[in-house]
Visitor: 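The structure's right below; bear with me while I get my questions together.
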2 protein chains.
Amino acid sequence: MPEAIRRSDHPADRLAGARYGNRPTMKDVAARAGVGLKTVSRVVNGEPGVTPETERRVQEAIDALGFRRNDSARVLRKGRTASIGLVLEDLADPFYGPLSRAVEEVARAHGALLINGSSAEDPDREQELALALCARRVDGLVIIPAGDDHRYLEPELKAGVATVFVDRPAGKIDADCVLSDNYGGARDGVAHLIAHGHRRIGFIGDMPRIHTAAERLRGYRAAMEDAGIPVEDSWMSLGVTDPQRVRDAAEGMLSGPSPVTAIFAGNNRVTVTVIRVLAEQTRRVALVGFDDIELADLLEPGVTVVAQDAAAIGRTAAERLFRQLDGTLITPERIELPTRLITRGSGELPPAD
Amino acid sequence: MPEAIRRSDHPADRLAGARYGNRPTMKDVAARAGVGLKTVSRVVNGEPGVTPETERRVQEAIDALGFRRNDSARVLRKGRTASIGLVLEDLADPFYGPLSRAVEEVARAHGALLINGSSAEDPDREQELALALCARRVDGLVIIPAGDDHRYLEPELKAGVATVFVDRPAGKIDADCVLSDNYGGARDGVAHLIAHGHRRIGFIGDMPRIHTAAERLRGYRAAMEDAGIPVEDSWMSLGVTDPQRVRDAAEGMLSGPSPVTAIFAGNNRVTVTVIRVLAEQTRRVALVGFDDIELADLLEPGVTVVAQDAAAIGRTAAERLFRQLDGTLITPERIELPTRLITRGSGELPPAD
DNA sequence: TAGAGCCTGGACAACGTTGTCAGATCCGGG
DNA sequence: CCCGGATCTGACAACGTTGTCCAGGCTCTA
């Protein structure tokens with residue numbers, strides 16, 4: 001996207017000038033200590049070859065002036081920023097907290113800082129963010145894709161920016177990605193309901209253009225087909241996430257001509273709303289949700305879920321990223337992490353007609 | 001802390017060399033397009049004074065080479081990084097997700113990126129992080145303090161780094177801070193329990209060296225004193241957060257010589273564990289928690305909480321930060337945001353002896 | 001047609017740091 | 001007394017960008 005480059009929209013321009021308030025530089029320290037510039041550099045970086053006496057003088061000057069090395073300049077000189085970028089969908093989503101935290105821990109272990117931003121599920125914003133991070137020369141990127149075309153990253157990949165896609169695969173480029181087994185997890189979850197006697201099972205999920213949603217839908221269909229149950233259209237609700245519409249969808253499939261006796265919820269937000277709807281029903285309806293939710297065990301009945309391990313996903317992704325940077329890793333791979341069915345009651349309810 | 005400056009511990013050193021894979025520079029673009037360096041800069045920044053024909057040639061070269069401006073160099077030249085740092089306690093804590101997101105939104109509105117890190121409640125790590133961010137010359141810092149001495153930031157403040165403390169006040173320096181009314185909220189919550197007939201009320205909270213914990217404890221004591229109820233030591237458990245110890249504490253105060261009939265939980269993690277403990281009791285014990293928790297309304301009984309508005313706190317803090325950068329804001333202030341008591345059932349249970 | 005004024009483009013320095021290299025100092029031994 | 005070597009120190013260029021300033025070519029008018 002040339003626009004991103006052509007138009008002068010750099011954020012810094014909008015901020016008042018002030019060049020961060022004239023901080024002291026190594027030159028200032030050198031002048032005050034009565035030594036050369038390079039000697040200060042040596043002291044600051046703990047390089048050998050400085051007499052204790054000189055070092056003391058320099059250190060004094062540093063403390064007196066409140067000098068702090070300017071890492072921007074250092075980066076410019078050295079070529080590595082020791083920071084990685086994380087583009088996720090929404091920091092406020094409880095699924096991404098632990099993921100983000102796991103990435104941070106790995107980054108920290110490698111001495112890198114984490115710069116992050118939310119795409120809000122908007123492909124343009126994802127691209128804008130990813131490119132902004134590249135412009136800052138992050139050493140690597142962890143991306144939870146919002147869009148499905150990532151060719152805009154080709155020059156970056158070629159330039160050696162380590163990149164790992166998470167939660168959803170990269171679009172139209174060959175890159176590392178770390179996913180949950182969405183298909184298998186959903187299939188198992190639905191099969192679990194079938195095993196408990198359900199045949200009319202509803203599915204509420206996100207837009208199928210989102211990879212995870214599509215895979216989970218596929219898992220649902222597969223489980224139904226394996227059991228020889230034809231799926232009715234009225235049992236499926238796709239592209240629905242905001243609470244009111246989930247509510248409508250759930251109420252719809254509970255009251256149609258062939259009402260469902262169980263619901264499979266395609267993600268944590270859907271699950272929460274469905275729980276609310278089911279709590280209002282007199283009839284007991286079974287529920288299995290994709291993604292674990294806090295306190296799921298304290299509800300009555302406890303909520304059976306297909307859990308993904310967000311921390312493990314983040315950790316795996318970040319570790320691969322640093323192995324790319326090491327040079328240990330060359331060929332992009334697609335890694336699928338298993339999910340885990342946690343039974344707590346709601347998924348084991350028998351069908352009630 | 002001189003060490004942070006003296007020793008050569010810069011993260012970049014640990015990563016393999018490779019100077020981000022030889023990315024093309026403006027010079028390369030200029031050579032390819034057959035124009036001068038500055039002309040490329042003009043095109044890239046949308047500055048006037050370039051013929052359409054020249055611009056086209058430059059643009060072609062940019063696309064062909066996959067050029068991306070190096071913002072590190074730009075930063076070095078311009079003096080502003082258009083990024084702000086966020087030091088929080090734990091990204092995985094559900095309280096900080098929305099807070100962080102709110103800060104990000106404001107930053108984005110001002111065209112700035114967000115760099116963040118978790119201190120894990122460790123003062124040294126907080127300092128290390130904050131100083132690392134300053135070394136990168138972030139324009140501003142939002143800090144959720146882990147320590148209680150922030151004099152290490154004095155040179156930064158003097159140098160014009162905008163700084164706002166959040167959730168807990170700054171220690172030993174004069175700086176902006178945005179807090180919840182922890183004292184008032186806790187007092188109201190406990191008063192609520194008292195109003196429902198309770199007299200033996202337990203308090204489980206974090207270490208009083210943490211400001212929020214201390215304030216909430218103070219609120220608890222104030223409410224009790226207002227009601228003329230002497231507090232017994234066995235009713236209070238301080239410095240306890242990990243689940244097992246919270247469990248022990250709760251069970252202890254429920255079974256002692258003068259067992260409590262209600263518990264005030266000092267933060268969300270404590271609340272969750274207490275809910276688990278109470279679910280196992282035969283006797284019904286009232287509960288009010290500080291911080292809202294998801295699904296609190298679906299439990300039986302619903303959980304009454306003193307809610308803070310994490311998003312509002314984050315937004316307020318970030319807005320103040322950018323007003324500092326504008327120069328609109330000079331004098332540091334302490335802002336306390338009100339809390340809100342949300343009654344859902346658990347706090348309205350009558351005492352059961 | 002000459003001069004003034006405008007438009008376009010480029011040379012150059014500067015931002016603050018680090019790497020290279022050579023100069024200065026000091027020591028002991030021949 | 002001088003020299004070799006070890007040790008310490010500093011001058012200088014470079015990283016990739018932007019700001020300043022000037023040159024050259026054009027148009028327009030007198």
Side-chain angles (χ1 to χ4, degrees), chain A residues 5 8 10-13 17-31 33-58 62 65 67-82 134-137 159, chain B residues 5 8 10 12-13 17-31 33-58 61-62 65 67-82 134-137 159:
Chain A
I5 292 181
S8 169
H10 191 89
D13 300 337
R19 326 199 26 72
Y20 27 59
N22 264 349
R23 305 197 62 139
T25 71
M26 285 192 177
K27 205 166 131 192
D28 302 325
V29 175
V35 301
L37 181 52
K38 180 65 208 198
T39 300
V40 176
S41 171
R42 270 192 274 262
V43 171
V44 168
N45 294 296
E47 289 167 24
V50 182
T51 27
E53 164 57 14
T54 310
E55 173 166 352
R56 197 190 49 74
R57 284 220 316 283
V58 172
I62 287 177
L65 295 174
F67 166 81
R68 212 81 81 189
R69 179 177 60 198
N70 184 334
D71 271 2
S72 292
R74 177 176 233 261
V75 159
L76 180 59
R77 191 64 235 257
K78 302 206 89 150
R80 285 276 180 187
T81 57
C134 289
R136 305 220 168 186
R137 296 295 188 267
Chain B
I5 291 181
S8 171
H10 191 88
D13 300 338
R19 333 197 20 74
Y20 27 59
N22 264 349
R23 304 198 63 139
T25 71
M26 286 193 177
K27 205 165 131 194
D28 302 324
V29 175
V35 301
L37 182 53
K38 180 66 209 199
T39 301
V40 177
S41 171
R42 269 193 275 261
V43 172
V44 168
N45 294 298
E47 288 168 25
V50 182
T51 30
E53 163 59 13
T54 309
E55 173 167 353
R56 197 190 50 73
R57 284 220 316 283
V58 171
I62 288 176
L65 296 173
F67 166 81
R68 212 81 81 189
R69 179 176 61 199
N70 184 333
D71 271 4
S72 291
R74 177 175 233 260
V75 159
L76 180 59
R77 191 62 235 259
K78 301 205 89 151
R80 284 276 181 188
T81 58
C134 288
R136 299 205 177 203
R137 296 296 188 264

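Chain identifiers are assigned alphabetically (A, B, ...) following the order of the sequence lines, protein sequences preceding nucleic acid strands; residue numbering begins at 1 within each chain.
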Visitor: Can you sort out the partners of B/A33 under side-chain contact (heavy atoms from CB on, under 4.5 Å), two or more places apart, ordered by chain and number?
Guide: B/V35, B/V58, B/A61
Visitor: D/dG16, OP1 or OP2 - any side-chain N/O from B/R23 closer than 4.0 Å?
Guide: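 No.
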Visitor: State whether B/K78 places a side-chain N or O below 4.0 Å from either non-bridging phosphate oxygen (OP1 or OP2) of D/dG19.
Guide: yes
Visitor: Could you tell me how far apart B/D71 (CG) and D/dT17 (P) are, to the nearest whole angstrom?
Guide: 9 Å
Visitor: Taking all heavy atoms of A/P24 and all of A/L65, pick out the closest pair and write down the distance.
Guide: CG-O, 3.4 Å
Visitor: Between D/dT18 and B/N45, is there an OP1 or OP2 to side-chain N/O distance shorter than 4.0 Å?
Guide: yes
Visitor: When rounded to the nearest 0.5 angstrom, what is the spacing between CZ in A/R74 and CZ in B/R136?
Guide: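 Spacing of CZ (A/R74) from CZ (B/R136) equals 10.0 Å.
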Visitor: How long is the span from the OG1 atom in A/T51 to the CZ atom in A/R56, to the nearest 0.5 Å?
Guide: 10.5 Å
Visitor: Please report the distance, rounded to the nearest Å, between CZ in A/R137 and C1' in C/dT17.
Guide: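 My rounded result for the distance is 18 Å.
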Visitor: Round to the nearest Å and state the distance from B/L76 atom CG to D/dT18 atom P.
Guide: 11 Å
Visitor: At under 4.0 Å between heavy atoms, which parts of nucleotides 6-13 of chain C does protein reach? Answer with one letter per nucleotide, 5' to 3': B base, S sugar-phosphate only, - none.
Guide: --SBBB-B
Visitor: Kindly point out which of C/dC15, D/dT18, C/dT18 is positioned nearest to the side chain of A/R69?
Guide: C/dT18
Visitor: Do B/R69 and B/N45 have side chains that get closer than 4.5 Å, going by heavy atoms?
Guide: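 When only atoms from C-beta onward are counted, B/N45 and B/R69 do touch, with a gap below 4.5 Å.
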Visitor: Could you measure the distance from the CZ atom of A/R77 to the CG atom of A/N70? Nearest 0.5 Å is fine.
Guide: 14.5 Å
Visitor: Please list each protein N or O that sits under 3.5 Å from an N or O in nucleotides 22-27 of chain C, with the distance.
Guide:
none

Visitor: Given atom CG of A/D28 and atom C1' of C/dG16, what is their separation to the nearest angstrom?
Guide: 10 Å
Visitor: Five pairs per end, C1' atoms only: what is the angle between the end axes of the helix from C/dT1-D/dA30 to C/dG30-D/dC1, to 10 degrees?
Guide: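 Answer for the end axes of this duplex: 60°.
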Visitor: Can you confirm whether A/R137 sits close enough to B/R68 that some side-chain heavy atom of one is under 4.5 Å from a side-chain heavy atom of the other?
Guide: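 Yes, at least one pair of side-chain atoms sits under 4.5 Å.
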Visitor: Determine whether a donor-acceptor pair (N or O, by modelled atom type, separation under 3.5 Å) exists between the side chain of A/T25 and the backbone of A/K27.
Guide: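 Such a contact is found between A/T25 side chain and A/K27 backbone.
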Visitor: Starting at CE of B/M26 and ending at C1' of D/dG19, how long is that distance when rounded to a whole Å?
Guide: 13 Å
Visitor: To the nearest 0.5 Å, how far apart are CD1 in B/I62 and CE in B/M26?
Guide: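 It is 7.5 Å, given to the nearest 0.5 Å.
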Visitor: Rounded off to whole Å, could you give me the CZ-to-C1' distance for the B/R80 and C/dC15 pair?
Guide: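 Interatomic distance, CZ of B/R80 to C1' of C/dC15: 15 Å.
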Visitor: Can you tell me how far CG of A/D28 sits from CG of A/L37, rounded to the nearest 0.5 angstrom?
Guide: 10.0 Å
Visitor: Would you mind reading off the distance between A/E47 atom CD and C/dG19 atom P, rounded to a whole angstrom?
Guide: 6 Å
Visitor: Specify the closest pair of heavy atoms between A/R80 and A/V75, including all atoms of both residues, with the distance to one decimal.
Guide: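 Here A/R80 and A/V75 meet closest at O-CG2, 3.7 Å.
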